[in-house]
Amino acid sequence: MSQIPKNFEAKQVEEKWYSYWMQHDFFHSEPDRREPYTIVIPPPNVTGVLHMGHMLNNTIQDVLIRRARLKGFNACWVPGMDHASIATEAKVVAKLKEEGIDKNSLSREEFLSHAWEWKEKYGGIILEQLKKLGASCDWQRTKFTMDPHMSEAVIKVFVDLHKKGLIYRGYRMVNWDPQAKTTLSDEEVIYEERQGNLYYLAYPIQGSDEKVIIATTRPETILGDTAICVNPNDERYKHLKGKKAIVPLADRVVPIIEDEYVDIEFGTGCLKVTPAHDENDKVLGDKHDLEVIDIFNEDATLNAYGLHYKGKDRFVVRKEITEELGSKGYLVKVEQHVNKVGTSERTKAVIEPRLSDQWFLKMEGLAKPAIEAVLETEEVRFFPKKFVNTYRHWMENVRDWNISRQLWWGQQIPAYYYSDGKEDLVVAETKEDALRLAQERTGDSGLTMSDLRQDEDVLDTWFSSWLWPISVFDGIRDPENEEIQYYYPTNDLVTGPDILFFWVARMIVAGYEFKDEHPFSNVYLTGLVRDKQRRKMSKSLGNSPDALKLIEDFGADGVRVGLLLSSAAGNDLLFDEALCQQGKNFANKIWNAFRLIKGWQVDETIKQPEHSKIGLQWFEAKFQKALSEIEDHFSKYRISDALMAIYKLVWDDFCSWLLEIVKPAYQQPIDKVTYDKVISLLEDNLRILHPFMPFLTEEIWQHISEKTPEEALIVDQWPSQHGHDGQLIKDFELAMEVVSGIRTIRKEKNIAFKDQIALFVLNAEKTTTLLDAMVKKLGNISEVAYVEGKVEGALSFRVRSNEYFIPIMGSIDVEGEVSKLREELGYTEGFLASVRKKLSNERFVSNAPEKVVALERKKEADALAKIATIKASLENFQ
RNA sequence: GGGCGCGUAGCUCAGUUGGUUUAGAGCACUUGGUUUACACCCAAGGGGUCGGGGGUUCGAAUCCCUCCGCGCCCACCA
């Protein structure tokens, strides 16, 4: 035994087995006759580094995939990365800036070559980090959303949807990120409450001395005002009908229009209309046919309409224009006002509503089958279920998806303009096809490639990732290929609820649209990882632990267990390093159980002791019981409950009870029957533990006996279920309570374990001699003797209706014993009273099911018997 | 403003369609322990009027109402 280290040393073991598994291709999957079990990874950003969320996510996926592998499925976990347009482009722009290169000085092609260079050099660190966690991904299948084949699929889908009339170009109000100079989808905008001001401005009425007061939060936008609007039912403004107002500073004359949209109660009940910079104003503008004046440049500085503020940033202008309005007498008052400001999820910049030409995907029709799949057919099930509501709400009110982004990094939209007209375009997979189409359309066969100009925009990154479960198997380009037929639909998807709309919902949509089938059967939504104070983990707070450091400190298995121990699906995980410590301790516990067993000398001539026999039978029953509970937990995606069940099985039942029972005396050999059985039970434990703690279990597995690669634990078999002896478990519990009673008395009376004691039993409930053997062993009892009456000069305790006596040397602390007995009596009498209260209620006896009443009667009888015993003992002392 | 969910031991959570001892687990805590697998350990133990109030029922942590507190999602008024 001395050659086996006392503590489990995770580090070298992890490296050893990961490369062993890789070397033998155990993570790799090819279609075969087995049933497939497939997971596609939520592709992390190519710019990403491993954080706690990834750790949790991928640990869960690895648990599922390893378990499926053990269950004999052809397990395939496809890894990959997302090109993350905005994030990556921002990174590359920043890096170029450091090198003194301005993005605007580069051509698109030049920029893209820098971007690819960046990607090759820095991208995908995260995948290497996942290996440290033990993720058993099929790395031969690693995909990137901008791989040529993946991009081709994206383009193909765009063309297809365009043909179906679902993609259209619209001049619309979009969320504009002035920092990234691109559009964001509604989902990428985060609203934050900010303390701002409500400015009350006076607009002169044309041809009169009267002024009308208007409240606004964005005074700089007055330069884009093209109307004033009041509610037609507002008596205060009736007389203004048909008149015109003059916009301060701009001196523009604008109409005063009436619309019920205006809230009479808010502000002054009078609204300035700026169609270019507010969604609602745009609607009003369209309705009343108003002029649209855009006052911003694309970086949200003011353009020529900004007059003398031209070139200044909107927030600078807000401050300065307020002062100017004040000095010229237009500013009536300023009130504090809390309003919600949209900010970019990625750049944090304040979003401006902006009108621009964008590409949209019609969602309403596409959403239908995806709604059905989750709400009606349940072809796709969510865990936890509560997210179904969230999903429905969003999907039933889904808006058209703005899929264009004003960036270069991504798939360029395959639309080609053949003239200066905005609508003079064709959509095609290749430029050659586009030319043909353009020639047909115009009837001008003289049109050449150089007459075509491709749309500058790229597609939203989610427009590639919504195809992920299909495109990783090349199912868009080649729908009949063997892989897509075999692996699709995939089984489980594990991701965070924050991308339920961005990604999950859209994948379901794409699944039905392009494969006519659900993309996955189950969606496991994890919670967010928070710190102990419930704060979200974030870089800026600096409360996110270094993932790799954690693995270093606690071992990958320890971290995996730590993360899983408290992560019920959909519940936030309050991360605490103590949990990883618990995981590490658990690893060490198992390691030492193994060391103990490995150290035993086997003697084939020894007969199996009775206590070992019963102990092994009992553990087998316990194992089977636990196994069925574990299966049940897995079926409900209660991963942490499954782990906890295994934790208790291994620590309490296997180590604390079974091993103590079968353990031979110091330096004594063990019989072969027991030894072999213990080994096989240990192996079963390792099998069910393996998905959670792959490294530790493989290490022990291969230490137990020499194994060929085919016999590695990772590709072994999950134990089979075959029922269990429930009665044995119950009987054993009685014996356990007896052992516990003996230990209590030993502790109270300071009787060392090595001193043997005698145990007398006044027996009402039957026990078997096998169990007595177990009690003898664990209690270090010289003999278990059955008696007819109370034993004098002994300490006693009761388990169920049996009474146990331990004679002790010296005098007994009568007072102490009596008070203990009185306490026990008090409790039991209280209990009896509560039972009798029920039983004396006639309506209970007549209405409750027979079974329930019978149970109460049994409780009553047991309590009475126990009370009699305690009273008798008390009399003995008096 | 609309919707969803949650409040059970110091902490994190179980508690399936109301009925198995006067509610469970893990961690933490207390006490004792150098027993030759493990102090990253062993053993024993304390701790909750199930957010408050009301109701339905023979019986409520579990169902209904209401109040209080918390979280999330959606929409958004200048």
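Naming convention: chains lettered A, B, ... in sequence-line order (proteins, then strands); numbering from 1 in each chain.
- For A:Gln582, counting side-chain heavy atoms from C-beta on, the closest listed nucleotide (B:A78, B:C27, B:C38) is B:C27.
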Which protein N or O atoms sit under 3.5 Å from an N or O of nucleotides 69-75 of chain B?
from, atom 1, to, atom 2, distance (Å)
B:A75, N6, A:Lys340, NZ, 3.1

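- Looking at the side chain of A:Lys859, the nearest of the listed nucleotides B:U22, B:A78, B:C40 is B:U22.
- With a 6.0 Å radius and a threshold of 12 heavy atoms from other residues, nucleotides or ligands, A:Glu829 has its CD atom above the threshold.
- Nearest heavy-atom pair, A:Thr322 versus A:Pro219, reported as atom, atom and distance to 0.1 Å: OG1-CG, 3.9 Å.
- OP1 or OP2 of B:A78 has not a single side-chain nitrogen or oxygen of A:Thr274 nearer than 4.0 Å.
- For the P atoms, the distance linking B:C11 with B:G51 amounts to 14 Å, nearest Å.
- Within the 4.0 Å cut-off from OP1 or OP2 of B:A78, not a single side-chain nitrogen or oxygen of A:His277 is found.
- At distances below 3.5 Å, not a single donor-acceptor pair connects side-chain atoms of A:Arg381 with backbone N or O atoms of A:Val523.
- Nucleotides B:C63 and B:U16 have their P atoms positioned 8 Å apart, rounded to a whole Å.
- Of all nucleotides present, only B:G5 satisfies the Watson-Crick or G-U wobble test against B:C70, with each distance under 3.5 Å.
- Between A:Lys858 and B:U20 there is no side-chain polar atom (N or O) within less than 4.0 angstrom of OP1 or OP2.
- By the salt bridge (charged side-chain N to carboxylate O under 4.0 Å, His left out) test, A:Glu279 pairs with no residue at all, sequence neighbours left out.
- If you take atom C1' in B:G47 and the same atom in B:C6, they sit 24 Å apart, rounded to whole Å.
- With a 3.5 Å ceiling on both atom-pair distances, the Watson-Crick or G-U wobble partner of B:G32 is B:C42.
- Comparing the same atom, C1', in B:U35 and in B:A28 gives a spacing of 27 Å after rounding to whole Å.
- For A:Lys589 against B:C38, a side-chain-to-base donor-acceptor contact under 3.5 Å is present.
- For A:Asn389, the side-chain atoms get nearest to B:G5 when compared with the rest of B:G19, B:A78, B:G5.
- Side-chain contact, A:Tyr199 with A:Asn197: a donor N or O sits under 3.5 Å from an acceptor N or O.
- Residue order along RNA chain B, read from the 5' end via each residue's closest nucleotide, puts A:Glu856 first among A:Ser656 and A:Glu856.
- Between A:Lys636 and A:Asp632 a salt bridge is recorded (basic side-chain N to carboxylate O distance below 4.0 Å).
- Taken from OH in A:Tyr391 to CD1 in A:Ile371, the straight-line distance is 7.0 Å, to the nearest 0.5 Å.
- Of the C1' atoms belonging to B:A39 and B:G46, the separation is 22 Å, rounded to the nearest Å.
- The side chain of A:Asn592 contributes no N or O atom lying less than 4.0 Å from OP1 or OP2 of B:C41.
- Residue A:Tyr647 places at least one side-chain N or O under 4.0 Å from the OP1 or OP2 atom of B:C27.
- B:U22 has its base stacked against the ring of A:Tyr827, the centroids being under 5.5 angstrom apart at an interplanar angle below 30°.
- Taking side-chain N and O atoms only, A:Lys837 has no distance below 4.0 Å to OP1 or OP2 of B:C58.
- A gap of 35 Å separates the P atoms of B:C72 and B:A60, to the nearest Å.
- With a cut-off of 3.5 Å on both pairing distances, B:U49 has no Watson-Crick or G-U wobble partner at all.
- The closest side-chain donor-acceptor pair between A:Gln756 and A:Asn780 falls under 3.5 angstrom.
- When all heavy atoms of A:Tyr237 and A:Gly269 are compared, the pair lying nearest together is CE1-O, 3.8 Å.
- Note on A:Lys385: every side-chain N or O is 4.0 Å or more away from OP1 and OP2 of B:C4.
- Only the P atoms considered, B:G15 is 16 Å distant from B:U20, to the nearest whole Å.
- The gap from the C1' atom of B:U22 to that of B:U17 amounts to 25 Å, rounded to the nearest Å.
- When distances run from any side-chain atom of A:Lys747 to the nucleotides B:A43, B:C77, B:U20, the shortest one goes to B:A43.
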